[in-house]
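Sequence lines set the chain letters: A, B, ... in the order given, protein chains first and strands last, and positions in each chain run from 1. Because the structure is a prediction, the values reported are computed rather than measured.
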Amino acid sequence: MMNTINKNAVQQVATVHSNKRVGAYHQILINVGEIVKSCRPGNFVAISVGGDSSRMILRRAFAISRVSDNSQYGGTMELIVAPHGSGSKWLCAQAEGSEIDIVAPLGTSFGIPTEPINALLVGGGYGSAPLFGLADVLKSRGCKVDMLLGASIGSKIYAPMEGKRSVNSLKIYTEDGSMGEKGRVTESLLEIITNRGIDVIYSCGPMGMLRAITELVANTEVIHQCSVEESMACGIGICMTCVLPVRNEDGSTSMLRSCIDGPVMDGSHVQWDLVGRIPEAHP
Amino acid sequence: MMNTINKNAVQQVATVHSNKRVGAYHQILINVGEIVKSCRPGNFVAISVGGDSSRMILRRAFAISRVSDNSQYGGTMELIVAPHGSGSKWLCAQAEGSEIDIVAPLGTSFGIPTEPINALLVGGGYGSAPLFGLADVLKSRGCKVDMLLGASIGSKIYAPMEGKRSVNSLKIYTEDGSMGEKGRVTESLLEIITNRGIDVIYSCGPMGMLRAITELVANTEVIHQCSVEESMACGIGICMTCVLPVRNEDGSTSMLRSCIDGPVMDGSHVQWDLVGRIPEAHP
Amino acid sequence: MTLPVDMSTTLANAWFPTPIFTASGCASSGKELSQFFSLKDVGAIVTKSVMTKPRHGRPTPRMAETPSGMLNSIGLQGPGIDAFLANDLPWLLEQKARVVVSIAGETIEEYSTLARKIRSASGISALEVNISCPNVENRGLVFACDPDASRRVIDGVRKTIGGELPIIAKLSPDVTNLPEIAKGVVDAGADALALINTVLGMVINLETMKPHLGGKTGGLSGPAIKPIAVRAIYQVHAALPQVPILGMGGVSSGRDALELILAGASAISVGTASFGNPTALITIQNELRELLVARGFATVQQAIGYAHREETQ
Amino acid sequence: MTLPVDMSTTLANAWFPTPIFTASGCASSGKELSQFFSLKDVGAIVTKSVMTKPRHGRPTPRMAETPSGMLNSIGLQGPGIDAFLANDLPWLLEQKARVVVSIAGETIEEYSTLARKIRSASGISALEVNISCPNVENRGLVFACDPDASRRVIDGVRKTIGGELPIIAKLSPDVTNLPEIAKGVVDAGADALALINTVLGMVINLETMKPHLGGKTGGLSGPAIKPIAVRAIYQVHAALPQVPILGMGGVSSGRDALELILAGASAISVGTASFGNPTALITIQNELRELLVARGFATVQQAIGYAHREETQ
Ligand SMILES: Cc1cc2nc3c(=O)[nH]c(=O)nc-3n(C[C@H](O)[C@H](O)[C@H](O)COP(=O)(O)OP(=O)(O)OC[C@H]3O[C@@H](n4cnc5c(N)ncnc54)[C@H](O)[C@@H]3O)c2cc1C
Ligand SMILES: Cc1cc2nc3c(=O)[nH]c(=O)nc-3n(C[C@H](O)[C@H](O)[C@H](O)COP(=O)(O)OP(=O)(O)OC[C@H]3O[C@@H](n4cnc5c(N)ncnc54)[C@H](O)[C@@H]3O)c2cc1C
Ligand SMILES: Cc1cc2nc3c(=O)[nH]c(=O)nc-3n(C[C@H](O)[C@H](O)[C@H](O)COP(=O)(O)O)c2cc1C
Ligand SMILES: Cc1cc2nc3c(=O)[nH]c(=O)nc-3n(C[C@H](O)[C@H](O)[C@H](O)COP(=O)(O)O)c2cc1C
Ligand code: FES
Ligand code: FES
C-alpha cells in the first residue's frame, strides 16, 4: 500500500545534540538519524513537550531549519525555537542529551525549480529558519538567492553566519530600527522584485506578512510560495483544526489542512480575507 | 495571633543535596535551612511533583526521615522514597541541585517520654524512615530502643548503617525470607514486649500492620503510637480527605484529619474496623 | 509597590476589597490557612458548607487525583451549624476576615432552618447556598439539577432570612440547561450565583477493580474543569447580565482568574489550587492585579464580562 | 509474543477482533493514520461524522489546548455523504479495516436521509449516530440534550435502515439525566451507545479578551474528561446492563482503556490521544492486553462492567 499522506513521516525518540541561545531564540540541534534523508526545506517536525506527566497533551510544530547528514552523529536536524509559551519554553530548557519524541518530516515543502531562477526569500522572526536550508538547495541548483528578513527588534532577527554565505544579498528590517533598516520587509519588496527580476518569492513568517506579500505581488508574474502557521492539534491531518480557506480552480473555496496541504502553499490561492472568518456555510 | 494548626509550617523552595538508591528506595537529602529546627520525629513534608506544567496538581506527603543542622549546607532533611507512581518516580528522578517546592514541617510528632523507658520501634517498608530519627532522640533521653523491621522482600528493608547504631537491637522480617527471618513483624511482638519490658511501641508502616499491632497490644499496658498513612489531597487540614475514625472519650467517633491530628496517633484510639467504612451517618 | 488598580468588587450589596475568595470546602473554616497568609488580605473566606447537625461524611478513600484535577467525595463532613456559629464564625470575624457562610441541606426545610440560625448571627458578608446536595425527599436527586427544587430552596431561604443579607445560589454544572436553573433561583430571590460546583466523575481503582472512592462517584475539580467553568459563567452572564457571579473552577493563576472575570465573574473562589499551594490565593491576587494593569484596566469592575462586548469596528 | 487473551468484542451483532477503535473526528477517514500503523490491526475505524452535504465547518481558531485536554470547534467540516461513500469508504474496506460510519444531521429528516444512503453501501460494521449536533428546527438545541428529539432521530434511522446494521447512538454528557436519554434512544431502536462526546467548554484569549475559538464554545476532550466518561459509562451500564457501550473520553493508555471497560464499556474509542501520539491505538491495545493478563482475565468480555460486581464475601 502506498501512502500519499504523511508518506515519509516517522515517530521516534531523538536526542538533543546541542541547544544554544541565539538572540531571542534557541538554536536546537537534534540527532534524528536516517530521517534527514527524507526532510525537504519547508517540512516541519511535531514534538511532544513537557515530559511524561505533562498537562500539555498536544505536540508543537517547528519548521525544520536545516538538516545535515555528514556529521559523526548520523543525521541532525536544526530547529530555531522562540521561547513563547509553556511548550516552547520546555523545549528550550532541554539540555544536551535529553530525549525528545518527534514525528517528522511532516507537511509540504517548498517547490524547487528545475531551472536556475531568481529567488527572493522573505522571513519574519523565526520564519527565517527554514529559509537558510532552502537557500542552500536553491544555490546548488544555480539560482540567484536574495534574502529579506524582518522582525520587531534586532534580537528577533535570526541570520546565522553560515546562513549568510548561501545568499547573494541579505537585507534586514526591524520595526524599531535596532538592526538593519527601520520598517517592514514589505517596504521595498516591489522595487526589489523589479530591480532583481525576481521569479519566485519564498516566504515564512507571521500570517500578516504572508498576506501583505501576496497582495503586493498580486498583479505581477511573481510566484509566491509561503509557509503558513495555523494552530495545529495533530500535525498529521486527522483533527481538522488547522484549516485555511483556499480557492479552487472552479472559484469555490476549500478549507485545506495546513499540516498536510501545507505549510507551504501558493500564496495566491489562499483566501487571506477569509482566514478566521469563513462562515459556517454549506458550499 | 497564635496559630495552633500548621504552626511551624513554611512553604519554600529547597535544593536536592543528594539522591541515591538504597535497595528499593531512594534516599534523598534536601537543603531546607532553618526549618530543621522545628522538625520533630514523625512530622512530614508535602512536596510538589512534576514541575511547572505537571498534570499532577496535588503534593505528595513524605515522612521526614531525619534532619541535621550541623552540615556546611545549613539544615538538611532526609527522605526515603519508594518509586511507586508518577509523583514519587518524578521525585526519585530529581538530580542533585534540582529545586523542589516543599511545605514542612507538617502534622503531629511522636510523643517523647520525659523518663527513660523501653521503646520498641516497628517499621514496615519505608515506614522505618522516621524511626531512625526517632531512635536518636529516644537514645539521647536514655531510653532503651529495640527495633523490628518488616517488608515483603529484602530490598524493601530500609536500615542504614548509621541508623543501626542508635538502636539496641534490630530484628528483620521479610515475607519471602530473603532477609532476616521469614514472616511478619507481628510474629514475635508479644514475646518481645514481655521479654524486654516494653513500655511504648512506636510504629510506622502499612495500615494493616498498624492495626495488627494495636490489636496485639490491646490487652496490655503498652502504649502504641503509630504513624498512619491516608490519602492526602492538601496535607494542611483544609480538604477533609484524609480522615480516620477516632474514638472520643465519651465513646462517640470523630473523623479526624490525619494530616493535622496525625499522622502520629494513639493506636488504641483509632477505630480500625471502621477505616474506609464509616457510614454516612449523623452522629 | 501596590499597583494602581481598584481591586474592590461587590456581590449584590456586599463589598469586598479584592475579588479573590476561598472556595467552600477548600479552606475548612480558615484557621488552617492563616498560618500561610493573613485572612483579611483576601476578598473573603467562604466557609465549608455547614448543615444543621454534625456529620461524618463519606467513607474513605475520599479523593483521587486525575489528570490536572481531582475527585473528592467528602460528603459534607462538618460540625453542624450551632458549633460553627459558636466557634468558627467568631474566630474568623476576630481575624477581620470577610466571611461568606455556605450552607447545605438534605431537605428544603433544612435550608430554611439554617437560614434562621444565620439570621441571628452578625458580621456575615453573604450567604452561599450550596444546592448541589442530594434531596432526600426526592430520590436523592440533587437540588441543583431540578429547576423546581432549586427555586424552592432559595425561596425558603429568602423568606426566612429577610431582605438584607445577599444570597448566592451555588449551582451545579451537571445540567442540560444551566441558564434556566439560574433564572429560576434568581426569580426566587437569589442576589448572585456561584458557578461552578464540581462535575460528577468517577475513577476505577485498577487493583481492586471497583470504584476507587468510598462514595463511588465524586466531584471533579481543578484545572481540568476550567473550560467548563468559563463556558458556564459566560452562558449565564449572557443570559442574566445584571446578576453578579462568584466564579470558580480550576483557577490556579492570575491568568485563570482573569479568564473567569472576562467571562462574567465579579469575584473568584479558589478551591483545589490551595491544596497544591497554600499561598495560592495571594499569588493569584498579585498576578491578577498585574494582568489588569498590563491591559489598562483601572478597576476590576471594568473587566467583568468584558469578553461579551460587541466590537464597534 | 501475543499474549493469550481473547481480545475480541462485540457491539450488538457486530464483531471486532480487538476493542480499540478510533474516535469519530479524530482519525479523519483513516488514510492519514495508515502511515503509522495498519488500520486492520485495530478494532475499527470510526469515521468522522458525515452530513448530507459537503461542509466548511467553523472559522478558525478551531482549537485551544487546556490543562490535560483541548477544546475543538471543527463544526463538522466534511465532504458530504456521497463523496464519503464514493471515495473514503471503499478505500477503508480495501485496507481490510472494520468500519463504523458516523453520521450527523441538522434535522431529524437529514439523519434519515443519511441512513438511506448508508443502507445501500456494503461492508460497514456499524452505524454511529452522532446526535450531539444542534437541531436547526428547535432553536439549535442539541439533539442529545433533548430526550424527545434524540428518540426521534434514532427512531427515524432505525426505520430507514432496517434491522441488520447495529446502530450506536452517541450521546452528550452535558445533560442532567444521562440514563434517561440512554433509555430513550434504546427504546427507539439503538443497539448500542457511544459515551461520551465532548463536554461543552470555552477558553477566553487573554490578548483579544474574547472567546478564543472561532465558534466561541468548543468541545472539551482528552484526559481531563476521563473521570466524567468513567462516571457516565458506569451510570448508564448500571441502568442498562444489557446495552453494549462504546466508551471514550480521555483514553490515552491501556490503564485508561481498562478503567472504561471495567466501568461497562465493550469497546473503546481513542480520540485526542492520537493527536499527541499517532500510534496511540497500538500502544493502548498492547498495554490493555498485558493488563488483562496480569489480572487473570482470559477474555475482554470478562472484564466488561466488572467494577459493578457485588462482592460475595
Ligand atoms: C508549521 C509550523 C511551524 C512552526 N515553526 C516554528 C519554529 O520554527 N519556531 C518556533 O519557535 N515556533 C514555531 N511554530 C510555533 C510553535 O508550534 C508553537 O505554537 C509555539 O512554540 C508556541 O507554543 P507554546 O507551547 O510555547 O505556547 P502555548 O501558548 O502554550 O501554546 C498553546 C497551544 O497553542 C498553539 N499555538 C500558540 N500560538 C500559536 C501560533 N502562533 N501558531 C500556531 N499555533 C500556536 C500551540 O501549538 C499549542 O497547541 C510553528 C508552528 C507551526 C504550525
Ligand atoms: C503522612 C504520609 C507519609 C508518607 N511517607 C512516605 C515516605 O516516607 N516514603 C514514601 O515513599 N512514601 C510516603 N508516603 C506515600 C506518598 O505520599 C505517595 O502516596 C506515594 O509516593 C505514591 O505517590 P505517587 O505519586 O508515586 O503515586 P500515585 O499513584 O500517582 O498517587 C496518586 C495519588 O494517590 C495518593 N496515594 C497513592 N497511594 C497512596 C498511599 N498508599 N497512601 C497515601 N496516599 C496515596 C497520592 O498521594 C497521590 O495523591 C507517605 C504518605 C503519607 C500520607
Ligand atoms: C475537597 C473539596 C470539598 C468541597 N466541599 C464543598 C462544600 O462543602 N460546599 C460547596 O459548595 N462546594 C464544595 N466544593 C466545591 C468547591 O467549592 C468548588 O466549587 C469546586 O471545587 C471548583 O473549584 P476549584 O476547581 O477551584 O476547586 C468542594 C471541593 C473540593 C475539592
Ligand atoms: C477534533 C475533534 C473532532 C471531533 N469530531 C467528532 C465528530 O465529527 N463526530 C463525533 O461524534 N465526535 C467527534 N469528536 C468527539 C470524539 O469522537 C470523542 O467523543 C471525544 O473527543 C472524547 O474522546 P477523547 O477524549 O478520546 O478525544 C471530535 C473530537 C475532537 C477532539
Ligand atoms: S493539525 Fe490536525 S489536521 Fe492539521
Ligand atoms: S489532607 Fe487535606 S485535610 Fe488532611
Side-chain angles (χ1 to χ4, degrees), chain B residues 1-12 46-50 52-60 85-87 101-103 106 207 228 230-245 252-260 274-283, chain C residues 22 25-36 38-39 48 51-80 91 94-95 106 212-215 218 221-224 250 252 271-279:
Chain B
M1 185 192 68
M2 256 297 290
N3 279 311
T4 47
I5 305 179
N6 299 319
K7 77 169 181 297
N8 294 311
V10 171
Q11 176 176 13
Q12 65 175 42
I47 303 184
S48 283
V49 290
D52 285 344
S53 54
S54 176
R55 62 192 247 171
M56 295 181 278
I57 58 163
L58 302 174
R59 286 173 188 265
R60 302 297 189 260
S86 48
D101 181 330
I102 68 167
V103 178
L106 293 170
M207 298 291 270
V228 301
E230 260 294 344
S231 248
M232 292 181 179
C234 76
I236 56 170
I238 59 176
C239 75
M240 310 297 277
T241 61
C242 63
V243 297
L244 278 180
S252 66
T253 298
S254 288
M255 298 298 281
L256 295 190
R257 286 164 284 184
S258 61
C259 63
I260 56 173
L274 289 181
V275 171
R277 299 207 300 133
I278 181 88
E280 193 177 344
H282 299 237
Chain C
T22 62
C26 301
S28 199
S29 55
K31 279 203 188 68
E32 299 78 0
L33 283 177
S34 68
Q35 168 69 15
F36 300 97
S38 171
L39 303 185
K48 173 142 191 70
M51 304 185 72
T52 46
K53 302 248 172 58
R55 212 173 128 100
H56 279 154
R58 295 246 181 79
T60 54
R62 288 179 171 185
M63 77 103 174
E65 198 184 43
T66 67
S68 297
M70 66 171 281
L71 288 181
N72 86 80
S73 69
I74 309 300
L76 296 173
Q77 175 178 346
W91 184 87
E94 220 169 84
Q95 312 306 309
E106 289 184 322
H212 180 70
L213 298 177
S221 64
S252 58
T272 307
S274 292
F275 301 168
N277 180 2
T279 53

Please identify, among Val243(B), Asp101(B), Leu244(B), Ile260(B), the residue contributing the most non-hydrogen atom pairs under 4.5 Å to chain C.
Val243(B)
Structural part of Ser48(B) lying under 4.5 Å from a heavy atom of chain C:
side chain
Only pairs at least two apart or in different chains count here, so list each side-chain hydrogen bond (donor to acceptor under 3.5 Å, both in side chains) that has a residue in residues 67-79 of chain C.
Arg62(C)-Gln77(C), Ser68(C)-Ser68(D)
Separation of Ile57(B) CD1 from Asn277(C) CG (nearest 0.5 Å)
12.0 Å
Closest approach of Gln35(C) and Asn8(B), non-hydrogen atoms and distance?
NE2-C, 4.1 Å
Looking at Glu32(C) and Asn6(B), would you say the former's side chain and the latter's main chain have a donor-acceptor pair under 3.5 Å?
no
So what's closer than 4.5 Å to chain B heavy atoms on Pro61(C): side chain, backbone, both or neither?
neither
Apply side-chain contact (heavy atoms from CB on, under 4.5 Å) to the pair Phe275(C) and Thr241(B), showing each step before the final yes or no.
CA-CA 11 Å; Phe275(C) 301 168; Thr241(B) 61; 5.9 Å; no
Check whether Thr66(C) gets within reach of chain B through its side chain, its backbone, both or neither, counting any heavy atom under 4.5 Å.
backbone
Checked Ser29(C), Gly69(C), Gly215(C) vs chain B; the most non-hydrogen pairs under 4.5 Å come from Gly69(C)
Looking at Pro245(B), is its backbone amide N or carbonyl O close enough to the side chain of His56(C) to form a donor-acceptor pair, meaning the two atoms are under 3.5 Å apart?
no
For Ala233(B) and Met63(C) the tightest heavy-atom approach is N-CE, 3.8 Å
